[in-house]
Protein chains: 2
Amino acid sequence: MSPRRRAPLTRERVLAAALELAHEGGFESLSMRKVAAAVGVEAMSLYNHVANKEDLLDGLVDVVFGEFEAPEPGDPDWKGAMRRRAHSMRAVLNRHRWAVGLMESRVAPGPENLRFHDATMGCLRLAGFAFRDAVHASSVQDAYIYGFLLQERSLPFDTPSEHGAVIEVKRANVPDMTRFPHLVEVMTEMAKAGYDYDTEFAFGLDLILAGLEP
Amino acid sequence: MSPRRRAPLTRERVLAAALELAHEGGFESLSMRKVAAAVGVEAMSLYNHVANKEDLLDGLVDVVFGEFEAPEPGDPDWKGAMRRRAHSMRAVLNRHRWAVGLMESRVAPGPENLRFHDATMGCLRLAGFAFRDAVHASSVQDAYIYGFLLQERSLPFDTPSEHGAVIEVKRANVPDMTRFPHLVEVMTEMAKAGYDYDTEFAFGLDLILAGLEP
DNA sequence: ACCTGAACACCGTTCAAGT
DNA sequence: ACCTGAACACCGTTCAAGT
């Protein structure tokens, strides 16, 4: 009769609660006990819906895969499709910063993961890529995307001008910067002009897409 | 008089012990208490040489940066220098699989980190890259390298033929693979021909280097 | 200055017991 | 079938006390 009775615990509800905790409390503070509390239950009850914490993480990662915009196999503008795919991945992973670094390291790929990779391969194959080349093409793109997000993730600022300020702090903390003249150059330039992740990301993505042809 | 007396605890010895533990016991099993035990001391003594666990990780990451082969600023063959740099990074990070994903997410860059990035920027600047282009160039390369290692890290096999076997297992575990025809194609092809990380890595690296010019 | 014992506030997971 | 209480074997870190 109470609302809690009407909505019995499911894997989906456990994952949703964990996702929200990761989102607001920070990923590292995500514990079985806290997920359980968020869902109104004792920690041990979670084990009825999830094999263990590792399985819970697998589930979370697959939720994130589900948010990626999959490319359309057969899209005549395959480069456009790949570009949209990449930008969608970046947007989603910036929303779930904790997920970068987990995405490609899960051992058991979930259904959304499979769906997404299938669509990517399909789009490349139908665009005329030979099998091996399609593997190469998706591999280099994904490596770039995940690696870029890895760099972007750690940064405690959002706008170019904030970046300038952070750079200044960092510079002040390092003794004897004269040993690193080229780094000094980067930092002073950055502090002046800021750093724009959008154009930086687009630069590398375009470079890679320019080098790919069926 | 005992050997323990002759070698008092230092930050370096703490880091060395932690590195060894990460290497053999697996990174996730690395705890302050175990590092302390490995160095013959109680856990709390570590805090005299390391601010906290986060600081210990910063230290470990910088040890790894120290193993990277830095490019030579002024090297006339800058593409060769970048290629050697990339392959050295891959070799080191395959030796320290736990480090991938931590490298670019540390907030406080250590001296080896600074040294390495300074050498990279220096090599590109002296090769004729304008400042902004040097930043672009190093950014796209590093994103690719770290991202590739992220993908490579998780894999529980070393040779292409082992890979085939693993693929078969995975395939058997996924129900209704007919929903993912292109993935089925990848898996059957992979199971046949195997997957060679060396050539895969070289493909993407060459593609990126081909697109970079001062 | 460096090390320690005891304690605090946590973890993931197992297991027998409840309903 | 699902949930729970108590317990086990751990964590990182603080703090007062030792030398």
Side-chain angles (χ1 to χ4, degrees), chain A residues 1-62 98-99 101-102 105-108, chain B residues 1-62 98-99 101-102 105-108:
Chain A
M1 244 121 284
S2 84
R4 219 150 256 156
R5 277 212 160 259
R6 291 223 317 277
L9 206 47
T10 64
R11 185 173 222 265
E12 284 65 41
R13 276 186 59 222
V14 171
L15 291 180
L19 199 64
E20 187 160 1
L21 273 184
H23 200 260
E24 52 197 37
F27 173 66
E28 52 290 330
S29 86
L30 188 148
S31 76
M32 296 298 269
R33 285 161 145 102
K34 281 183 192 160
V35 173
V39 94
V41 108
E42 297 300 312
M44 314 76 207
S45 307
L46 297 183
Y47 289 83
N48 287 309
H49 306 95
V50 132
N52 47 37
K53 196 180 184 183
E54 205 66 5
D55 183 36
L56 188 149
L57 293 183
D58 282 341
L60 285 184
V61 163
D62 212 50
W98 53 268
L102 252 53
S105 65
R106 303 283 88 194
V107 175
Chain B
M1 271 242 165
S2 83
R4 218 149 255 155
R5 278 216 160 258
R6 291 223 317 277
L9 204 46
T10 63
R11 186 173 222 266
E12 284 65 40
R13 276 187 58 223
V14 171
L15 290 180
L19 198 63
E20 187 160 0
L21 274 185
H23 200 260
E24 53 197 37
F27 172 66
E28 52 291 327
S29 85
L30 188 146
S31 76
M32 296 298 271
R33 285 161 145 102
K34 281 184 192 160
V35 173
V39 93
V41 105
E42 297 300 313
M44 315 77 207
S45 307
L46 297 182
Y47 289 84
N48 288 310
H49 305 96
V50 130
N52 46 37
K53 197 180 183 183
E54 205 65 6
D55 182 37
L56 187 149
L57 292 183
D58 282 341
L60 285 185
V61 163
D62 211 51
W98 53 268
L102 254 54
S105 65
R106 303 284 90 196
V107 175

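Here the nucleotide nearest the side chain of A:Leu9, chosen from D:dT13, D:dC3, C:dC3, is D:dC3. Side chain of A:Ser45, nearest nucleotide from D:dG12, C:dT13, D:dT4: D:dT4. In the set C:dG12, D:dC3, D:dC11, the nucleotide with an atom closest to the side chain of A:Tyr47 is C:dG12. In this structure, of D:dG5, D:dT13, C:dC3, it is D:dG5 that holds the atom nearest to the side chain of A:Met44. Looking at the side chain of B:Arg33, the nearest of the listed nucleotides D:dC3, D:dT13, C:dT13 is D:dT13. Here the nucleotide nearest the side chain of B:Asn48, chosen from C:dC3, D:dC3, C:dT13, is C:dC3.
Rounded to whole Å, atom C1' of C:dG12 lies 11 Å from atom CG of A:Leu46. Between the NE2 atom of B:His49 and the P atom of C:dT4 there is a distance of 11 Å, given to the nearest Å. When the P atom of C:dC11 is taken as reference, atom CD of A:Glu28 falls 13 Å away, rounded to whole Å. When the C1' atom of D:dC11 is taken as reference, atom CG of A:Leu30 falls 16 Å away, rounded to whole Å. The CD atom of A:Glu42 sits 20 Å away from the P atom of C:dA16 (whole-angstrom rounding). The distance from atom CG of A:Leu21 to atom P of C:dC11 is 11 Å, rounded to the nearest whole Å. In this structure, A:Lys34 atom NZ and C:dG12 atom C1' are separated by 14 Å, rounded to whole Å. Atom CG of B:Asp55 and atom P of D:dT13 are 10 Å apart (whole Å).
Nearest heavy atom pair, residue B:Leu15 against residue B:Leu56, reads CD2-O, 3.7 Å. Taking each heavy atom of B:Tyr47 and B:Asn52 in turn, the nearest pair found is CE2-CA, 3.9 Å.
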Full working for salt bridge (Lys or Arg N to Asp or Glu O under 4.0 Å) between A:Arg11 and A:Asp55: CA-CA 11 Å; A:Arg11 185 173 222 265; A:Asp55 183 36; 2.7 Å; yes
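If you check D:dT19 for Watson-Crick or wobble pairing at under 3.5 angstrom, you find it paired to C:dA1. Base pairing of C:dA7: its partner is D:dT13, meeting the Watson-Crick or G-U wobble criterion (both donor-acceptor distances under 3.5 Å).
Within 4.0 Å of B:Ser31, counting heavy atoms only, lie sugar-phosphate atoms of the nucleic acid but no base atom.
At least one side-chain heavy atom of B:Phe27 sits under 4.5 Å from a side-chain heavy atom of B:Leu57.
Nearest-nucleotide assignment on DNA chain D puts the 5′-proximal partner with A:Val41, out of A:Val41 and B:Ala51.
Between A:Arg33 and A:Glu42, none of the side-chain N atoms (NZ, or NE/NH1/NH2) sits under 4.0 Å from a carboxylate O, so this pair counts as no salt bridge.
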